[in-house]
Amino acid sequence: MPLATTRRTGLVDQVIEQMRSAIATAEWKVGERIPTEPELVTALGVGRNTVREAVRALAHAGLLEVRQGDGTFVRATSEFSGALRRLVGSELREVLQVRRILEVEGARLAAVNRTEEELRELTEVLSAREKSMEARDYTVGVDKDAEFHGAVMRCSHNTLLTELYQGLTEVVRASVATTVREAPHKANVDHRGLLRAITERDPDRAAAEAAGFLDELLAELADSDV
């Protein structure tokens, strides 16, 4: 465990920062249980109340989730993604709308700015995604789907757009997982058209391909509310 014994001033803030660092560096991964309260007390050299306050603050920020009887689990890697992660489910429509805004412009820029090396990465990730989905290994398939969309955004070479999307990584993955769970027939959606448009440096077609599937999902959500 990378946590260091804290100093005596600002104990709660120090513990919060050390725990946040453990989450951000994936020492504590999303979905995993963090060390128990006694273990944290020993590792940090602070009292139980200090640990409890730090956990409470990070839970309020959306990074941790306290499950009575089971322990405390990592929910998200940042306050931003933690807040957005809570939208998945009842507010799936809002998540998809935000994804559409970012992914359409990201795809357009990717078609213009991608490099040959980035194109090879996109091809490899999409191939892995398709194989996983066809094998109904949806856990890996969802991961690869989110990885593919993230790689498209990096191809945009727009740092701010990419960073904004990175803040959405967990909620994007969760929205994909929700879609696959509720509509398994959507697992095999074809992203090869998007890859071809990026390969052929056709920004308008890339934007249309990126919008297509998300528009279809949004339309289905609208119909389900009728």
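A salt bridge links E147 with K144: at least one charged nitrogen is closer than 4.0 Å to a carboxylate oxygen. Classification of E37 and R48 as a salt-bridged pair holds, one side-chain N sitting under 4.0 Å from a carboxylate O. Between E27 and K29 no salt bridge is recorded (no basic side-chain N to carboxylate O distance below 4.0 Å). Under 4.0 Å is where a charged nitrogen must lie from a carboxylate oxygen, and between E117 and R120 no such pair does.
Considering every non-hydrogen atom in both H191 and L126, the closest pair reads CB-CD1, 3.7 Å. Nearest heavy-atom pair across E121 and A151 is OE2-CB, 4.1 Å. The two residues V152 and A110 come nearest to each other via the heavy atoms O-CB, 3.5 Å. Among all heavy-atom pairs drawn from S156 and N113, the shortest one is O-ND2, 2.9 Å.
Looking at H157 and T115, their side chains come closer than 4.5 Å, going by heavy atoms from C-beta outward. Between D190 and E130 the shortest side-chain heavy-atom distance falls below 4.5 Å. Taking 4.5 Å as the limit, some side-chain heavy atom of M153 sits within range of a side-chain heavy atom of L102. The closest side-chain heavy-atom distance from T36 to V41 is not below 4.5 Å.
Between the side chain of R201 and the backbone N or O of V112, at least one donor-acceptor pair lies under 3.5 Å. Without hydrogens or angle criteria, S132 side chain to A128 main chain gives a donor-acceptor distance under 3.5 Å. Using a distance-only test at 3.5 Å, with no hydrogens or angles considered, no donor-acceptor pair links the side chain of R154 to the main chain of T162.
Within the model, atoms CZ of R129 and CG of D145 stand 4.5 Å from one another, a figure rounded to the nearest 0.5 Å. Here I101 contributes atom CD1 and L96 contributes atom CG; the two are 11.5 Å apart, rounded to the nearest 0.5 Å. Atom CD1 of I34 and atom CZ of F73 lie 9.5 Å apart (nearest 0.5 Å). Atom CD of residue Q166 and atom OG1 of residue T159 lie 9.5 Å apart, to the nearest 0.5 angstrom. Atoms CG and CD, on N158 and E163 in that order, are 9.5 Å from each other to the nearest 0.5 Å. If you take CD on E32 and CD1 on I23, they are separated by 11.5 Å, rounding to the nearest 0.5 Å.
When each of V98, L218, L217 is paired with R93, the side-chain contact (heavy atoms from CB on, under 4.5 Å) condition holds for L218 and for no other. Just one of R100, R99, E94 meets the side-chain contact (heavy atoms from CB on, under 4.5 Å) condition when paired with Q97; it is E94.
Transitive grouping of hydrophobic side chains (ILVMFWY, heavy atoms separated by less than 4.5 Å) keeps F213 and I198 in distinct clusters. Under the 4.5 Å side-chain heavy-atom criterion for grouping Ile, Leu, Val, Met, Phe, Trp and Tyr, M133 is not connected to L194 through any hydrophobic cluster. Under a hydrophobic-cluster definition in which Ile, Leu, Val, Met, Phe, Trp and Tyr are linked whenever side-chain heavy atoms come within less than 4.5 Å, directly or via other members, L40 and V12 are assigned to the same cluster. Using a 4.5 Å cut-off between side-chain heavy atoms of Ile, Leu, Val, Met, Phe, Trp and Tyr, with links allowed through other members, L214 and F148 fall into different hydrophobic clusters. Follow the hydrophobic side-chain contacts under 4.5 Å out from V125 and you never reach V140; the two are in separate clusters.
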Can you check side chain to side chain contact (heavy atoms under 4.5 Å, CB included) on Y165 and E103, steps first, answer last?
CA-CA 8 Å; Y165 196 78; E103 289 183 23; 2.6 Å; yes
Please lay out, stage by stage, how M19 and L64 fare under the test side chain to side chain contact (heavy atoms under 4.5 Å, CB included).
CA-CA 10 Å; M19 294 174 72; L64 297 178; 4.1 Å; yes
Does the pair R20 and L58 meet the rule for a side chain to side chain contact (heavy atoms under 4.5 Å, CB included), with working shown?
CA-CA 8 Å; R20 183 182 283 116; L58 291 173; 4.1 Å; yes
Before giving the answer on side chain to side chain contact (heavy atoms under 4.5 Å, CB included), spell out for L122 and C155 the whole-Å C-alpha distance, their side-chain angles and the decisive distance to 0.1 Å.
CA-CA 9 Å; L122 286 176; C155 289; 3.8 Å; yes
Identify each donor-acceptor pair in which a side-chain atom of residues 203-210 lies under 3.5 Å from a protein atom, sequence neighbours left out, and give them as a table.
{"from": "D204", "atom 1": "OD1", "to": "R108", "atom 2": "NH1", "distance (Å)": "3.0"}
{"from": "R205", "atom 1": "NE", "to": "D202", "atom 2": "OD2", "distance (Å)": "3.3"}
{"from": "R205", "atom 1": "NH2", "to": "E200", "atom 2": "OE1", "distance (Å)": "2.3"}

